[in-house]
Amino acid sequence: MPEEMSIFPRIALKPEVHDYLRNVFINKEVLAAVSQGEAEQRFQRLLSCLSHPPALTCVRASTHLASLEEIQHRLGEELKQQQKCDSQSEDISVIILPHPHIPDVLLLPVIGPRPVVQLTSEVIVGAQCGSAVLRGAHVFAPGILATPKFMKTGDAVSVFSDLEGKCTRGNKDFKGKKVFVGNGVAEMDRSGIFCSDEPVKGVGIRMVEPLYQSPSFDGVLPSLAFLQNLPSVVVGHVLGPRPGERILDMCAAPGGKTCHIAALMRGQGEVVALDKIRGKVERIRQNAKALHLDCIKAHCFNSIKAVCTDQAQDTEGPPFPPQSFDRVLLDAPCSGLGQRPSMVCTWNLKEICSYQPLQRKLFHTAVRLLKRGGVLVYSTCTVTLAENEEQVAWALNTFPCLTLQPQEPHIGAEGMLGAGLSPEQLRLLQRFSPELGWSAAEARGEDDSPTEQPESPTPLAHRANKDTIGFFIAKFLKS
C-alpha cells in the first residue's frame, strides 16, 4: 500500500488559516520559552494528529442507573454479540477498561492503522462521513457521493473520503484527492442510493475491514453507554454539580454534557438547558427521558438574551433574573479546530475569527446569571489562543468578581503561552493538546500499543489523557 494511504496527510487548511494558526503556536511568548524549531515541530505535529483519530474510544457510563462494573460487563457482551451477528467481520477481542481516575469512563483501544488491501471497486464519501468511519461508524447512505456504475447489494468495495469536497453526488469515476478508510459491503444498489424519489436513509456500506478498528455503538446500550470525547466528560466533573443545585448549560446541544451534569446530581435539583435550534432541544429532551433524568428542563432560546432585568420574572423558563444559578457551563460555540479526525477545514479566516465576539456576549450573560459564590466553567473544542487563553485574560480584566480556580480532575496540559497570563494562571487552566503526546510512528501503526492487550488500565489511561481531541477548560469562582 502506498505510504500516503497508510498515514493520512496533514489537515488541509486554507493558506490564510494555516498562517494564522502557525502564528498562534509560534508566538513571542512561546519563542521566549522554547526554540523556533521546537515550536515549529509542535505546530506540524498538530496538523498531522488532527487528521488521525484518537487512539482510544471513550464511553461515558450512566452510573446513576447501574454500576460501572455492570455496564462494563454488559457492554462487553453486547459488542461480542455484535461481532457474531456480522458474519463477515473479523473476530477481534473487545478490550474495555475503566479509567483509573474518572469514575464513569470506560476506554476501548482503537486498533489501527491495519494492513487492509484496497479493492478495485471504489466508493467516495464526504469528509464528515469519512471521519465517522475512522471512529467506528458504518457508512450511512446520505454520506455517499460516488459509487461504481453498476454497484449492487452485496458487492465488496473500498471506501475513500473526499479530501477537498470536490466530488459531486452521483459521480461514477472520481479522480480528485481522496484517502482510503477501509473496505465494506454494499447494503444498497447504486440506484437505491442516487435514484430514489424519497430521501435515502440507513446504512449504505457496512464496514467489514476498516482501516481503524473500533466497535460500532449504533443502538448499543443507549441508556447506559454514551460515546463522548474524554475532555467533554472531564468538563462535567470540573463543574462539580451537587444534588439540589440549579445549574445552567447555556449552549447545550447535543445534550451530552447536560445529561452528564444531571447524572452527577443523581437527578436531584434542576438543570436548565438552552439552545437556539428547536430540533436539537427536542433531542435533548428525548435523551433526558431515555436516561430517566427528569431534572432537565430544555428550552429553545438564545442564551445571549437569557438574562432579564425584572426580578419578578417567572423563572420557570428564560429569560431569568440575575444570579439565578449556582453553577453555569458555557461550552461555547467555537471554530472546532480541535476536532479529530478532521482531514479538511473549508472555513476562511473571517469565519474562524468570528467566534470570539459571540463567546464574549455569552460570557457577559453567564456572569450575570451566576450567583455570588457560584462556579462558571468555560470550555471549547478548539486550539486557538483567541478563543481560549485570550478569553480568560479578557474575562479576568472585564469581571473583577471572577477568579480562576483549580480543576479536578486535571489530566490535560496547562494553558498555552501567548495571552499574557502568569505561570500560576496557566497552571489553573486545562488544555488538551494532542500534539504533545502524538507521533507519526504511532499513527503508522509502528508502536506496539494499544494494538496489544494492555496489562492494566494505567498506561492505557495515560495514553487516553494525551491522545484526545483538542479542548480547553477554564474554571472561575464569582465572589
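Sequential numbering from 1 along the given sequence is applied to the chain's residues.
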Please test Met343 against Leu134 for side-chain contact (heavy atoms from CB on, under 4.5 Å), starting from the C-alpha separation and ending with a verdict.
CA-CA 11 Å; Met343 295 185 194; Leu134 291 175; 3.3 Å; yes
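- Taking the six-membered ring for Trp and thresholds of 30 and 60 degrees, Tyr212 and Phe8 have ring planes inclined between 30 and 60 degrees apart.
- Using a 4.5 Å heavy-atom threshold, the side chains of Asn229 and Phe432 count as separate.
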Atom pairs and distances, donor-acceptor, side-chain atoms in residues 349-358, under 3.5 Å, two or more places apart:
{"from": "Glu351", "atom 1": "OE1", "to": "Asn348", "atom 2": "N", "distance (Å)": "2.8"}
{"from": "Ser354", "atom 1": "OG", "to": "Glu351", "atom 2": "O", "distance (Å)": "2.7"}
{"from": "Gln356", "atom 1": "NE2", "to": "Ala386", "atom 2": "O", "distance (Å)": "2.9"}

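- Within the 4.5 Å cutoff, the side chain of Leu230 has heavy atoms near those of the Ile411 side chain.
- Counting only distance, with no hydrogens or angles, the side chain of His410 and the backbone of Leu429 share a donor-acceptor pair below 3.5 Å.
- Between the Ser196 side chain and the Gly192 main chain, no donor and acceptor come within less than 3.5 Å of each other.
- In this structure, Lys475 NZ and Leu239 CG are separated by 7.5 Å, a value rounded to the nearest 0.5 Å.
- Residue-environment remark: CD (Glu16) exceeds the threshold of 12 foreign heavy atoms within 6.0 Å.
- Glu387 places no side-chain N or O within 3.5 Å of a backbone atom of Thr380 that could act as its donor or acceptor partner.
- Taking His18 as the reference, Phe43 meet the ring-ring contact (aromatic ring centres under 6.0 Å, His included) condition, with sequence neighbours excluded.
- Side-chain atoms of Ser303 never come within 3.5 Å of backbone atoms of Cys251 as a donor-acceptor pair (strictly under, hydrogens ignored).
- For the pair Ala252 and Thr258, the tightest heavy-atom approach, listed with the atom from each and the gap, is CB-OG1, 3.3 Å.
- One finds no salt bridge joining Asp275 and Lys280 here, because no Lys/Arg side-chain nitrogen approaches an Asp/Glu carboxylate oxygen to under 4.0 Å.
- Here the closest non-hydrogen pair linking Val17 and Trp347 is CG2-O, 3.5 Å.
- With rounding to the nearest 0.5 Å, the separation of CG in Leu428 from CD in Glu414 is 10.0 Å.
- With Asn388 contributing its side chain and Thr382 its backbone, the two residues share a donor-acceptor pair below 3.5 Å.
- Between the side chain of Glu29 and the main chain of Met416, no donor-acceptor pair closer than 3.5 Å is present.
- Side-chain atoms of Val24 and Val383, non-hydrogen and from C-beta on, never get closer than 4.5 Å to each other.
- Using a 4.5 Å heavy-atom threshold, the side chains of Met151 and Ile193 count as touching.
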side-chain contact (heavy atoms from CB on, under 4.5 Å) for Val392 and Gln425? Distances and angles first, verdict last.
CA-CA 9 Å; Val392 171; Gln425 290 170 326; over 6 Å; no
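- Nearest heavy atoms, Val281 versus Cys300: CG2-CA, 3.8 Å.
- Taking 4.0 Å as the cut-off between side-chain N and carboxylate O, Arg431 and Glu389 count as a salt-bridged pair.
- The ring-ring contact (aromatic ring centres under 6.0 Å, His included) check on Phe476 picks up Phe363, with sequence neighbours excluded.
- Here the rule is side-chain hydrogen bond (donor to acceptor under 3.5 Å, both in side chains) with Glu435, and of Lys466, Gln44, Arg45, Arg42 only Arg42 fits it.
- Remark: side-chain polar atoms of His299 are not paired, donor with acceptor, to backbone N or O of Leu274 under 3.5 angstrom.
- Taking each heavy atom of Ile96 and Gln72 in turn, the nearest pair found is O-NE2, 2.9 Å.
- Val157 is not listed as a side-chain neighbour of Leu119, based on a closest heavy-atom distance of 4.5 Å or more.
- Contact of the Gln359 side chain with the Tyr378 side chain is registered, since non-hydrogen atoms from C-beta on lie closer than 4.5 Å.
- Ion pair Arg190/Asp155 not flagged as a salt bridge, since none of the NZ, NE, NH1 or NH2 atoms sits closer than 4.0 Å to an Asp/Glu carboxylate oxygen.
- The shortest distance between side-chain heavy atoms of Leu404 and Leu421 does not fall below 4.5 Å.
- Checked options Thr153, Val139, Val203; the residue passing with Glu187 is Val203 (criterion: side chain to side chain contact (heavy atoms under 4.5 Å, CB included)).
- Of the inter-residue distances, the one linking Arg10 atom CZ with Leu46 atom CG reads 10.5 Å to the nearest 0.5 angstrom.
- In this structure, Asp467 and Arg340 have side chains that are in contact, with non-hydrogen atoms separated by less than 4.5 Å.
- For Ser433 (side chain) and Leu436 (main-chain N/O), no donor-acceptor pair under 3.5 Å exists by modelled atom type.
- Under the salt bridge (Lys or Arg N to Asp or Glu O under 4.0 Å) criterion, no residue pair touches residues 126-139, with sequence neighbours excluded.
- Legend: residues meeting ring-ring contact (aromatic ring centres under 6.0 Å, His included) with His237, ordered by chain and number and at least two apart, are His260.
- Across all non-hydrogen atoms, the minimal contact from Ile284 to Gly255 is CG1-CA, 3.9 Å.
- Remark: Ile296 CD1 to Arg285 CZ distance equals 11.5 Å, nearest 0.5 Å.
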Please report the C-alpha distance between Phe226 and Cys259 in whole Å, then the side-chain angles of each, then the deciding distance to 0.1 Å, and finally whether the side-chain contact (heavy atoms from CB on, under 4.5 Å) criterion is met.
CA-CA 10 Å; Phe226 192 90; Cys259 292; over 6 Å; no
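- Contact detail for Cys167 and Ala146: the closest heavy-atom pair is SG-CB, 3.8 Å.
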Quick one, Met188 with Val200, criterion side-chain contact (heavy atoms from CB on, under 4.5 Å). Give me CA distance, side-chain angles, the key distance, then yes/no.
CA-CA 10 Å; Met188 301 178 180; Val200 64; 3.9 Å; yes
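- Panel note: side chain Ser131, backbone Pro341; a donor-acceptor pair is recorded below 3.5 Å.
- Among residue pairs with one or both ends in residues 159-173, those qualifying as side-chain hydrogen bond (donor to acceptor under 3.5 Å, both in side chains) are Asp173-Lys175; sequence neighbours excluded.
- Here the CD-CZ distance, from Gln339 to Phe471, works out to 8.5 Å after rounding to the nearest 0.5 Å.
- The backbone N or O of Gly412 sits less than 3.5 Å from a side-chain atom of Gln430, completing a donor-acceptor pair.
- Put simply, OG on Ser223 and CG on Leu291 are 6.5 Å apart, with the number rounded to the nearest 0.5 Å.
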